[in-house]
Structures are given as C-alpha cells and as structure tokens.
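A short write-up of the structure that comes next.
Below, chains carry the letters A, B, ... as their sequence lines are ordered, and counting in each starts from 1. Note that the structure is a prediction, hence the values are computed from the model and not measured.
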Amino acid sequence: MSKKILMSGNVAMGEGAIQAGCFFYAGYPITPQNELIAYMAKQMPEAGRIFIQAESELAAINMVFGAAAAGARAMTSSSSPGMSLKQEGISYIAGAELPAVIINVMRGGPGLGNISPAQSDYFQATRSGGHGDYHSIVLAPSSAQEAYDLMYVAFDLADRYRNPVIILSDGMLGQMMEPVQLSDKNNLKTENRKQKTKKWALTGCEDRAPNIIRSLYLKEGALERLNLVLQKKYNLIKNKEQRFEGMFLDDAKIILVAYGTMARIAKSVVVKLRSKGKKAGLIRPITLWPFPDEAFKSRHSAVKSYLVTEMSYGQMLEDVRLTVNGSRKVEFLGRAGGSIPTEEEIIKKVKSLMFKV
Amino acid sequence: MVLRKIYGHPKSLRNVSTHYCAGCGHGIAHRLIAEVVDELDIRERTVAIAPVGCAVLAYDYWDFDCSEAAHGRALAVATGIKQVRPQNIVFTYQGDGDLAAIGTNETIHTANRGENLTVVFINNAVYGMTGGQMAPTTLLGQRTATTPKGREARLQGYPLKISELLAQLPAVKYIERVSLHSPQEVVKAKRAIKEAFKNQINNEGFSLVEILSPCPTYWQMSPSKALDWIREAMIKEFPLGRIK
Ligand SMILES: Cc1ncc(C[n+]2csc(CCOP(=O)(O)OP(=O)(O)O)c2C)c(N)n1
C-alpha cells in the first residue's frame, strides 16, 4: 500500500528520483537544495545505489556524464550559482546524446545573490544555457507532490530522447513541507533490465564492436549532420511532450500565466477573482521547454489579454509574447532578488487591466 | 626450427595511421597501452576516457569502448563509469594541461577518494593542441607561445610536480614517472603501465603513470633533438622512477 507522508520539495525530488530508478547521484552542497543532497547521501547507499559528494559542480555534472555513458539513470542537483558551473557539462551531455536529470532549486541572483526563492534562471534553462544549439527538456513542478511525480517523467523522457532533463524548482518549493502520496511504482528493477537495452552504453566491447561516446565531429559536414539530428529530435519533443495545466480558460477575459511557486499564488488570485465574478483564468506551463504553445491556441476566443507573473524581471514573458505573436496584449508583473509578487499586487494589476479591456 | 612470433600489431590498436606529428610521443604511448590491454586480456571490459588535447581522437585509434570528456574532467567521467560498472577496467589518458591545470581539482580529489582507476599522464611540457602554449609542467627558461622570453619563476611560478603532490595522498596506491626518450625507457614505461592496470584489476586503488613525452613541433626541435632534450633537461626537473 502506498503511503502519504509530509516532506519538503527537496526530499520529495530525492525520493521520487530513487523510486524512478536513479542509480547514480553526485552533487555539491548549496542552499537551498541541501536537504536533497543530504537525503541522497543517506538513502542512495541504503537502496544499493551510488552517492558521491563531488569536489565541485563541474565534477558532479561530469560524473553524471560518465554514469550516464555507462548506462545508468544518473542525476545531479544544485542551485543557481552551481547551475552556472554545470553548463559546459550539460552541453556535452546534449552533444553526446546522453540521458541525465539535473535539478535546479533556484535562488536569487545575479552573482552570489541570496538564498531566497527566485525564477531568474528561466533563460539559462530554456535557452541552451551552455554553448551550442541544444535544448534541455525543462520541467517545472509547483508542489512537493508534483515534484515527486515529475521525477518519473524526467527519467523516462531523458532515456526516451537521450537528452538532459532539467527540473526547474525554487527555494520555496524546495523547502516547504507538504503531504506527498508515494507511488507504488518502483522503477529500479525495470530500469536495470532496460540498461541492457541501451546498446550505445559503455559496458566493454564483449560480443560487439566498440562503442564511442563523443560530441566531437571534425570532418567536413559531420557536425552539421549531428545538429540536424538534434533539431529533428527537438521538433519531435515540441510536438509530443508539451505539458500544462489550464484553469477557467473557456470564458476567461484575462489569463494569468505563471509556473512553479508563482503559479500557486496566481492560482489563488484567479480563484478569488472568480468568486467576485471576474472572468480570470490561468495557464500554468509544466514543460518550460518545450514551451506549451498549445495552451495559447485561439480556442480561448474571449481572452483579451494575458498577464505573465514571474519571480524574475520577465523571462518566460518572452516565450508568451512569441507564442501569442501580437494577437493579444501581453502584460507583465514580476519581482526578483528574493521578492515575490503578492496576491494583492497581482489583483491590483488585474483590476487595472480589466478596466482597460 | 620453432618459429615464435615476438612482435605484431596489438588487437586493441586499430590499423590506421594517426594524426600525430613526426616524433610525437602520443602514438608510442597509445601502442603501449594497447599492448598491455591485450596482454592482460581485458580488451572486452576496458573503457578509456580520452582527454581534450592532442589525444582527443584516441578513440579512433584504440579498439575498445571509449568516451570523451570535457577538458580536464576525464577523471570525473571515469569516476562515474567505474562506480556504475566496477567490473569494467577504466582508465584516463590526459595531457599536462588537462590533468594538471584545468583539471587539477578532479585529479586531486579522484586520487584522494582512492577511486580504483588507472591514469596515463602525458607530460610534454606544453599545450600541444592549442599551439604550444605554456603548460604547468613547462620548464624554467623554456620558450612557448605564451612565454616568448622563456618561463620565469618570478612571473609564472615553477614547473608543477603533480605526481609528487599526489604521492602525499594516503589513498593513492601507485605512482611512477617514466619516459619515452630511448628504447630501454619505453620498455620501462610499458612495465609501469602494466603495473597500473594490474592494480586496478586487483582492486588496489588509484594508480598513475606519468610519461615524459616528446613534442618536437612545439619544442621546435628535430625528433632526435627532442629525445636528447628529455634526457638532458626534462629528467633533471622530473626525475624518473617510482614515486609511490
Ligand atoms: C574549457 C576549455 N578550455 C580550453 C580549451 C582549449 N584546449 C584544448 S586542448 C588544450 C590544452 C591541451 O594541452 P595538454 O592537456 O597538455 O595536451 P596536449 O595537447 O599537449 O597533448 C586547451 C587549452 C577547451 N577545449 N576547453
């Protein structure tokens, strides 16, 4: 029987990863994700898996590269400054087409910033982040439960597409305690079996030609060919893997767009506005890349404007603008550096916009 | 009369020509590793990690499983592979820039954890791949693209003896410095490489072989002068023999 227990988002992601068959974890301490590395340090060895406290985020992501190359489900986690260090490694993982899961429990920036929650790494996660034309799949949970559930999704997507998957969380989600319904599904056994089906993995060349894991292509045209293969994969992901949650979209005049922690506040704003008869709705992207443009299709014919709210100065805003492409007004409300737009601020903004429309 | 084959092409080395310059030591080191892998009969469970450096294409030459690694991160990648698959024999092959400059942190900590890995460290006293710049191992007075007047202790510090540094770490099992400047030394180099692989097979922990290796191109010498320079200059700074 599955249990419901109280846990922080950080612990929920650690437990979700273990249940999803994560066999290798390497990380380096940084607030606000420290509960996660501590949880993995205790639980991974108990589950017969590998835990390593790496000497840096560079080492951690490259250990994950190695573990993934050897066919294991592998993960690392960090927070914003550490994620900056991991970018070269993520680019190599994308170029070598390895499956890996990377968690970013975002904090305020730039620089050392602070340890308060923020959403200022959206660009880094959804644009390439590191060098080269690549994409990580980016998943954004907005509760401990969803963070737990998305770990299964993350490892499956990473394996299916042989691609890095980033879980973009934040310090609020990471540290808040919430009840989580644990799943009965423990993936490790099936994953161990699947490991054998990773024909490309480095296992030693017994009974086959040697395998090579590489992202270097020097011969004329070869790197362009790799890039075209990647682009084809990204298009497939864009078509098949968009996820979002919609609320009151059918008759909404104004639609709030928010993800993660910000979406929880936006959701409660929308509920309050509805109780006063105001036609507000919500789009909550769950995949940030691919950005869920399906959520914005013209079927919401009543909508006059979108209001994007973020714990940043307007990063997802650009994707909403690109998606809406001038057909509706796109407004913005955001604060960062550890500050979070309040319900009152959002309601005030919505009211000023609703008078205009 | 009994005919005995005493020399042949190693199975672990593909029969292709390499991209290395005339007189470069990389090709010899590749071959020594291939011979050792064959002799220990571990080809089918060996996984190599090629560096970013002149040997970046080593996987085109060895005939067993190989991975690339970002510049300096070979030992992090090796750690990931070996931890997941302890039954495999995992080694890194790294230049002095890769191992002792950009990757020093990974080098020290992998050694300090005592990972059961084998490291072949090519010390050619320059950065070959990027055009002959100063390496941490560049000798005092040695001219490179970035020390046009010769390396000066006051400005660039001293040649870094990473092997001696690593020998201080309790988890390190074996370190030996060898050279490729004469046939006798090449034989000794092979013996050291074999030892380093055997240690891993016997689960004895971190082993590293530093190989002084000629780079005639960026030393701006003929191949034979380059061998003399190892004998006359490099060995004074980097004495040969077992360090741990
Ligand atoms: C992050 C990063 N920085 C710099 C480089 C450029 N680079 C490639 S190889 C190399 C140095 C290689 O020297 P060494 O490790 O001594 O090997 P060698 O070429 O001499 O065999 C440098 C600086 C790179 N590829 N990646």
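Contact count against chain A (heavy-atom pairs under 4.5 Å) is highest for B/Asp65 among B/Asn88, B/Thr46, B/Asp65. Taking chain A as the reference chain and counting heavy-atom pairs below 4.5 Å, the highest number among B/Asp63, B/Val47, B/Ile42 is found for B/Asp63.
When side chains are defined from C-beta on, A/Thr203 does not count as touching B/Arg45, because their heavy atoms never get closer than 4.5 Å. Here the side chains of A/Phe65 and B/Ser67 are in contact, with some heavy-atom distance below 4.5 Å. Looking only at side-chain heavy atoms (C-beta outward), A/Ser56 and B/His109 stay at 4.5 Å or farther from each other.
Counting heavy-atom neighbours within 6.0 Å of B/Tyr174 OH, excluding the residue itself, gives a total above 12. Counted within 6.0 Å of OH on B/Tyr158, heavy atoms from surrounding residues, nucleotides or ligands total 12 or fewer; the atom is thus considered open. Within 6.0 Å of CG in B/Asn202 there are more than 12 heavy atoms belonging to other residues, nucleotides or ligands. Environment of CD in B/Gln87: crowded, with over 12 heavy atoms of neighbouring residues, nucleotides or ligands closer than 6.0 Å. Within 6.0 Å of CD in A/Glu224 there are 12 or fewer heavy atoms belonging to other residues, nucleotides or ligands. Remark: A/Ile115 CD1 is loosely packed, at most 12 non-hydrogen atoms of other residues, nucleotides or ligands lying under 6.0 Å away.
Within the 4.5 angstrom heavy-atom criterion, only backbone atoms of B/Ala69 (N, CA, C, O) approach chain A. In this structure, no portion of A/Ser91 lies under 4.5 Å from any heavy atom of chain B. Both the backbone and the side chain of A/Ile212 come within contact range of chain B, each with at least one heavy atom under 4.5 Å from a heavy atom of that chain. Of the atoms belonging to B/Val52, it is side-chain heavy atoms, and not backbone ones, that fall under 4.5 Å from chain A.
Here A/Leu216 contributes atom CG and B/Glu68 contributes atom CD; the two are 6.5 Å apart, rounded to the nearest 0.5 Å. The CD atom of B/Gln83 sits 11.5 Å away from the CZ atom of A/Phe51 when rounded to the nearest 0.5 Å. Once rounded to the nearest 0.5 Å, the distance linking CG of A/Asp207 with CD of B/Glu44 reads 6.5 Å. For the atom pair B/Thr110 OG1 and A/Ile52 CD1, the distance stands at 9.0 Å (nearest 0.5 Å). Going from atom CD of A/Glu55 over to atom OG1 of B/Thr79 covers 7.5 Å, rounded to the nearest 0.5 Å. Summarising the geometry, atom CG belonging to A/Leu218 is positioned 5.5 Å from atom CG belonging to B/Leu57; distances are rounded to the nearest 0.5 Å.
Here the closest heavy-atom approach between residue A/Ala59 and residue B/Ala76 is recorded as O-CB, 3.6 Å.
Looking at A/Glu206 and B/Arg43, no side-chain N of the basic residue comes within less than 4.0 Å of a carboxylate O on the acidic one, giving no salt bridge.
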Verdict with supporting geometry, B/Val77 and A/Met63, side chain to side chain contact (heavy atoms under 4.5 Å, CB included): CA-CA 5 Å; B/Val77 171; A/Met63 287 176 188; over 6 Å; no
The test is side chain to side chain contact (heavy atoms under 4.5 Å, CB included); show your working for B/Asp60 and A/Arg214 and say whether it passes. CA-CA 11 Å; B/Asp60 286 346; A/Arg214 67 192 295 181; 3.8 Å; yes
